[in-house]
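Worksheet: the structure to be examined is printed underneath.
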Amino acid sequence: MLQVERISDTLWEIPRDCEKGMRVPARIYATEKLIQEMDETVYEQITNVATLPGISQYALCMPDGHSGYGFPIGGVAAMDVEQGGVISPGGIGFDINCGMRLVITNLVEREVKPRIKELTNSLFKEVPAGVGSAGILKLTREEFRRVIEEGARWCVANGYGCEEDLALTEEQGCIDGADALKVSERAIDRGLNQIGTLGSGNHYLEVQVARKENVFDQELAHAFGITAPDQVVVMFHCGSRGFGHQVATDYLQIFLRVMENKYRIKILDRELACAPFNSPEGQNYFAAMKCGINMSFANRQVILHHIRKVFSTIFQRSAEDLGLRMVYDVAHNTAKLERHRVGNQERMLLVHRKGATRAFAPGMAGVPEQYKQLGQPVIIGGSMETGSYLLVGVPSGAQSFFSTAHGSGRTMSRTKARKLWRGQKLQHDLEQRGIYVRSTSWAGLAEEAGSAYKDIDEVIHAAETAGLCKRVARFSPIGNIKG
DNA sequence: ATGTCC
């Protein structure tokens, strides 16, 4: 049994155990309630992460943490690349650059509610969802290679969106250093027709309302475009689909081959396969993973284009007229090179965030110009039954390399959820509660039942109390489409 | 998460 010490109301520590090979202590952000319902394997996994070469300060887990492949989902680990720090696909996730995008409208609930079924049905029709779904875009392999090197910038150059969309996307929609030559042909095959598709599992698109009582910081909300009581917004969650999955799979295999024999890295859990960041294999994965990041930004950019078209058709006004503007697009499955203060030194760290969101403080490089003095917006998707949040980064986020939670976090396996609920009944019950849901799969819908997730309000309370971020507004769902 | 096992 692992020793977990309470540091504060929202912070818990597994002390460094040299016999286990821990290089740093492990820390979990959670309230007592969240710690009690935390998956036992999270402790084991975060302890294993603490043994990885080059890890700086702490192996961290966010309040929405749960068991994942190698790293827990909710895991944050910063590797010092000048001190043998590694890069690990398990610390990024199979769904590279899975993330959230938030879009405002100038419509209010009373204008949208009467047409929510029509709107949701139309979104369901126009945004391909489900396992193996294919998009409208027909790209050649050469075009796709450009997409994965240019990201959302390619989309805007080809008529899917505007310059402002790019300014309001993490990395401005295109991360530097993506190299399509580092990506397998199989990955390209899988991604080729997946631009502009939602996917399955917990990927969804939701029409939400910002109720007056759920705006916590008027000034910040206003600056982010939440200005009217009961304003309607659109939030969606998706990633790099089969493409990112294949990139992760390819490099996991490569890393497993070289990790022990070539680099003498001994890891207890094969799922933590890794390679030194400064090695040919590490650098190749980094450049390929960046293609996954760009594919995902492009995916969300094309989906936004579909959303604008649907709203425009339903409400018979142009997207500009309807004020369909982006608040932000955040990644929550990445590893990025960032400068952070460690003790009294600035270090170059490869920050793995797996099911964890970057939350940069006011003034930091990387925060969009128009939000520079406010801090980086953070978009947190809850379950379809509960609600979602808009947060902002704060200076005290330095303790977690400026990272916070990414969502509710599951408390129950998909298998168990499927046994407990029926998708059809769930859809009916949700409709009674004013949430119109469409899904490609009844089983998939049951898996996403709100009760299979942690309490989003508790997760956000933990993150805010711990000083990882600040609440701006909470959104309530009225329409949802999922794969 | 994922053409949910090449």
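So you know, we letter chains A, B, ... as the sequences are listed, proteins then strands, and number each from 1.
Every residue meeting the side-chain hydrogen bond (donor to acceptor under 3.5 Å, both in side chains) condition with A/His203, not counting sequence neighbours, appears here in chain and number order: A/Asp95. Contacts of A/Thr105 classified as side-chain hydrogen bond (donor to acceptor under 3.5 Å, both in side chains), with partners at least two apart in sequence or in another chain: none. In this structure A/Arg153 satisfies the salt bridge (charged side-chain N to carboxylate O under 4.0 Å, His left out) test with no other residue, sequence neighbours excluded.
Under 4.0 Å is where a charged nitrogen must lie from a carboxylate oxygen, and between A/Asp179 and A/Arg145 no such pair does. Salt bridge absent: A/Glu143 and A/Lys138 never bring a charged side-chain N and a carboxylate O closer than 4.0 Å.
Residue contacts shown for A/Arg410 are absent, as no nucleic acid heavy atom lies under 4.0 Å away. Within 4.0 Å of A/Gly201, counting heavy atoms only, lie sugar-phosphate atoms of the nucleic acid but no base atom. Contact annotation for A/Glu447: no contact, since no heavy-atom pair falls under 4.0 Å across all strands.
When A/His406, A/Arg101, A/His332 are each tested for a side-chain hydrogen bond (donor to acceptor under 3.5 Å, both in side chains) with A/His237, only one passes: A/His332.
For the pair A/Asn97 CG and B/dT2 C1', the computed distance is 17 Å after rounding to whole Å. Between the NZ atom of A/Lys482 and the P atom of B/dT2 there is a distance of 10 Å, given to the nearest Å. Distance, A/Tyr69 OH to B/dT2 C1': 13 Å, rounded to whole Å.
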I'd like a list of close polar pairs between nucleotides 4-6 of chain B and the protein, N/O only, cut-off under 3.5 Å.
none

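Sorted pairs that involve residues 437-460 of chain A and meet ring pair (Phe, Tyr, Trp, His ring centres under 6.0 Å), not counting sequence neighbours, are lacking altogether.
Note on ring orientation: taking the six-membered ring where Trp is involved, the planes of A/Tyr251 and A/Tyr285 are tilted (angle from 30° to 60°).
Taking every heavy atom of residues 240-248 of chain A and every atom of DNA chain B, pairs under 4.0 Å involve A/Arg241, A/Gly242, A/His245, by number.
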